[in-house]
Amino acid sequence: MEDDAELDEAPPLAIEIPGTSDPARRAEDGGGASVGVTVITGYLGAGKSTLVNHVLNSQHGKRIAVILNEFGEELGVERAMINEGEGGDLVEEWVELANGCVCCTVKHSLVQALEQLVQRKERLDHILLETTGLANPAPLASVLWLDEQLESAVKLDSIVTVVDAKNLRLQLNEQRDSSSFPEAYLQIAFADVVILNKVDLVSLEATGALEELENEIHGINSIADIIRTVRCQVDLPTILDRQAYDATRVAHLEALLQENQSLSGRELHDGRVRTLCICEPRKVDLNKVRSWLEEILWDKKYGMDVYRCKGVLSVLNSNTLHTLQAVKEIYEIVPSRKWKEQENPMNKIVFIGHNLNEDVLINSLRVCALAS
């Protein structure tokens with residue numbers, strides 16, 4: 001069966017290389033720039049290993065490092081983030097593949113593995129992190145996005161979730177009717193890109209079946225791009241260098257917000273994971289917005305569990321557009337550019353989460369706005 005074959009796939013045979021560091025060489029190769037990290041997540045059997053092998057075997061001309069983690073929930077993410085130092089000996093040998101990529105398995109310290117990577121003499125174009133042992137990508141995303149240990153040597157580029165088109169609806173239905181942790185929902189909710197894999201097993205079943213699946217995915221996370229694949233055969237530019245967490249990509253963020261502006265959750269009366277967008281036309285007090293966000297993200301004041309948040313803010317006493325991003329409890333508000341003359345400054349925020357209450361979000365944001 002195809003599922004079994006994907007579970008059994010291993011990284012291709014490789015040749016071990018030394019991991020020495022050459023700072024001068026790194027400087028010549030542009031080593032001062034941050035290296036993007038793409039987190040790959042998904043259910044067991046969805047095709048994560050197939051995607052990784054596709055990257056490792058393709059002749060794409062890029063030098064990509066692939067980290068296969070083996071730290072699971074029982075070890076704890078906090079432990080995985082600890083840099084054990086030179087005596088830790090927690091990272092397996094790096095190996096180089098025929099197409100110039102490098103690969104390793106990490107048992108404990110992700111931070112140490114990333115630091116070793118960026119210290120290598122060969123300049124990397126990108127890093128892929130396959131989250132084998134973790135169902136929820138949020139803790140890793142938070143660390144990669146704004147972690148001071150890494151000192152901007154690497155940056156979170158995007159989260160890619162691989163889903164099995166044949167079994168996705170069953171997985172979602174099982175978790176919708178269950179009190180257990182909604183892993184399938186979380187993995188889609190945090191995604192910037194969803195790879196809808198094994199579409200060949202669905203397309204012949206019924207007309208419109210794939211469109212229904214895509215609608216269900218966008219019902220959970222409307223800001224994610226969906227890519228249909230067979231055996232995860234994707235063009236690398238569609239999943240790499242997405243810059244999903246780059247505060248300077250205002251045009252892309254505004255396009256996302258415009259697409260989602262009409263999203264409303266008022267017709268949905270259950271507590272499932274979904275996306276909604278709220279707007280406030282008046283300028284907001286930035287300090288009040290920070291307090292508002294912290295009450296929602298940190299204190300869970302309104303009983304909502306927010307997974308992702310993206311938005312633009314129109315701030316009192318400022319003609320600068322501010323961008324807002326959040327992953328679970330971590331958020332960032334960054335001044336970006338001047339509002340353009342033809343623009344109508346407005347606050348627009350997209351929330352992805354569980355038990356979202358649209359009226360509460362709208363009314364509580366309104367408190368942050370001051371009457372003109």
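The shown structure was predicted, so the numbers you read here are calculated from the model rather than taken from an experiment.
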State the CD-NZ distance between Glu280 and Lys348, to the nearest 0.5 angstrom. 13.0 Å

Geometric cation-pi criterion, Lys310 with Tyr245: 6.0 Å, 45°: yes

A quick test of your reading: do over 12 heavy atoms of other residues, nucleotides or ligands sit less than 6.0 Å from CD of Glu341? no

Taking atom types as modelled and ignoring hydrogens, do the side chains of Thr320 and Trp339 form a donor-acceptor contact shorter than 3.5 angstrom? no

Looking at Ile188, is its backbone amide N or carbonyl O close enough to the side chain of Asn221 to form a donor-acceptor pair, meaning the two atoms are under 3.5 Å apart? yes

Separation of Ile67 CD1 from Leu128 CG (nearest 0.5 Å): 9.0 Å

Mark yes or no for whether Lys283, through its side chain, and Ser318, through its backbone, hold a donor-acceptor pair below 3.5 Å. yes

Mark yes or no for whether Ser364, through its side chain, and Leu361, through its backbone, hold a donor-acceptor pair below 3.5 Å. yes

Check: Asp305 and Lys328 side chains under 4.5 Å, non-hydrogen atoms: yes

Between Asp164 and Ala46, is there a donor-acceptor pair closer than 3.5 Å when you use the side chain of the first and the backbone of the second? no

Close side-chain approach of Lys288 to Val367, heavy-atom, < 4.5 Å: no

Can you give me the closest heavy-atom contact between Lys198 and Ala165, atom names plus distance? O-CB, 3.9 Å

How close do Asp285 and Asn287 get, counting heavy atoms only, and between which atoms? OD1-N, 2.9 Å

Any donor-acceptor pair under 3.5 Å linking the side chain of Lys48 with the backbone of Gly45? no

Over 60° means perpendicular and under 30° means parallel, so classify the ring planes of Phe190 and Tyr307, tilted if in between. tilted

Just verifying a value: how many Å separate Ile40 CD1 and Leu129 CG, rounded to the nearest 0.5 Å? 8.0 Å

Glu295 and Lys300: salt bridge (charged side-chain N to carboxylate O under 4.0 Å, His left out), yes or no, with the steps? CA-CA 6 Å; Glu295 288 179 343; Lys300 308 289 189 272; over 6 Å; no

What closest approach, in Å, do Val162 and Cys232 show between heavy atoms, and which atom pair accounts for it? CG1-SG, 3.9 Å

Roughly how far, to the nearest 0.5 Å, is the CG atom of Leu286 from the CG atom of Leu316? 9.5 Å

Between Arg366 and Asn363, is the side-chain hydrogen bond (donor to acceptor under 3.5 Å, both in side chains) condition met? List the steps. CA-CA 5 Å; Arg366 189 171 294 151; Asn363 291 332; 3.1 Å; yes

In short, Glu329 meets Leu297 closest at the heavy-atom pair CG-O, 3.5 Å

What is the minimum heavy-atom distance between Ile239 and Asp157, and which atoms define it? O-OD2, 4.2 Å

So does Val230 get a backbone contact from the side chain of Gln233, meaning a donor-acceptor N/O pair under 3.5 Å? no

Is it the case that one hydrophobic cluster holds both Val360 and Ile296, taking links as side-chain heavy atoms less than 4.5 Å apart, direct or via other members? yes

Test item: Ile227 and Leu196 side chains (from C-beta on) under 4.5 Å apart, heavy atoms: no

What residues form a salt bridge (charged side-chain N to carboxylate O under 4.0 Å, His left out) with Asp192, not counting sequence neighbours? Arg308

Minimum heavy-atom distance between Asn347 and Ser314, given as atom pair plus value: OD1-N, 2.8 Å

Output, in order, the C-alpha distance, side-chain angles, deciding distance and verdict of salt bridge (charged side-chain N to carboxylate O under 4.0 Å, His left out) for Arg231 and Asp200. CA-CA 9 Å; Arg231 294 195 63 78; Asp200 53 318; over 6 Å; no

Is a side-chain N or O of Asp235 found less than 3.5 angstrom from the main chain of Thr238, in a donor-acceptor match? no

Does the side chain of Ile278 come within less than 4.5 Å of Leu276's, by heavy atoms? yes

Chi angles and distances behind the side-chain contact (heavy atoms from CB on, under 4.5 Å) call for Ile220, Ile217: CA-CA 5 Å; Ile220 298 169; Ile217 291 169; 5.9 Å; no

Here the gap from Met346 atom CE to Leu313 atom CG, rounded to the nearest 0.5 Å, amounts to 12.5 Å

Any link between Val306 and Trp292 through a network of hydrophobic side chains (Ile, Leu, Val, Met, Phe, Trp, Tyr) touching at under 4.5 Å? yes

Indicate yes or no for a side-chain donor-acceptor contact from Thr161 to the backbone of Val194 under 3.5 Å, with no hydrogens or angles considered. no

Worked verdict on Gln187 versus Ile159 for side-chain contact (heavy atoms from CB on, under 4.5 Å): CA-CA 9 Å; Gln187 291 169 355; Ile159 298 172; over 6 Å; no

Under 3.5 Å donor-acceptor, Arg274 side chain and Ile352 backbone: no

Hey, is Asp225 close enough to Arg242 for a salt bridge, meaning N to O under 4.0 Å? yes

Might you work through the side-chain contact (heavy atoms from CB on, under 4.5 Å) test for His126 and Thr38, ending with a clear yes or no? CA-CA 8 Å; His126 209 84; Thr38 296; 2.7 Å; yes

Beyond-backbone contact of Leu324 with Val312, side-chain heavy atoms, under 4.5 angstrom: no

Validation row: Lys62, Asp241 side chains within 4.5 angstrom (heavy atoms): yes

Cut-off 3.5 Å, side chains only: do Asn197 and Thr229 have a donor facing an acceptor? yes

Sidechain-backbone polar pair: Asn357 side chain, Met304 backbone, donor-acceptor under 3.5 Å: no

Determine whether Val154 and Ser34 make a side-chain contact, defined as any pair of heavy atoms from C-beta on separated by less than 4.5 Å. no

Do Tyr331 and Gln325 come within less than 4.5 Å of each other through their side chains, counting heavy atoms only? no

Between Ser49 and Glu130, is the side-chain contact (heavy atoms from CB on, under 4.5 Å) condition met? List the steps. CA-CA 8 Å; Ser49 296; Glu130 183 192 346; 3.9 Å; yes

So, taking the atom named CG in Leu168 and the one named CG in Leu213, what distance separates them when rounded to the nearest 0.5 Å? 5.5 Å

Of all residues at least two apart in sequence or in a different chain, which pass the side chain to side chain donor-acceptor pair (under 3.5 Å) check with Ser158? none

Hydrophobic cluster membership, with links at side-chain heavy-atom distances under 4.5 Å among I/L/V/M/F/W/Y: are Val334 and Val350 in one? no

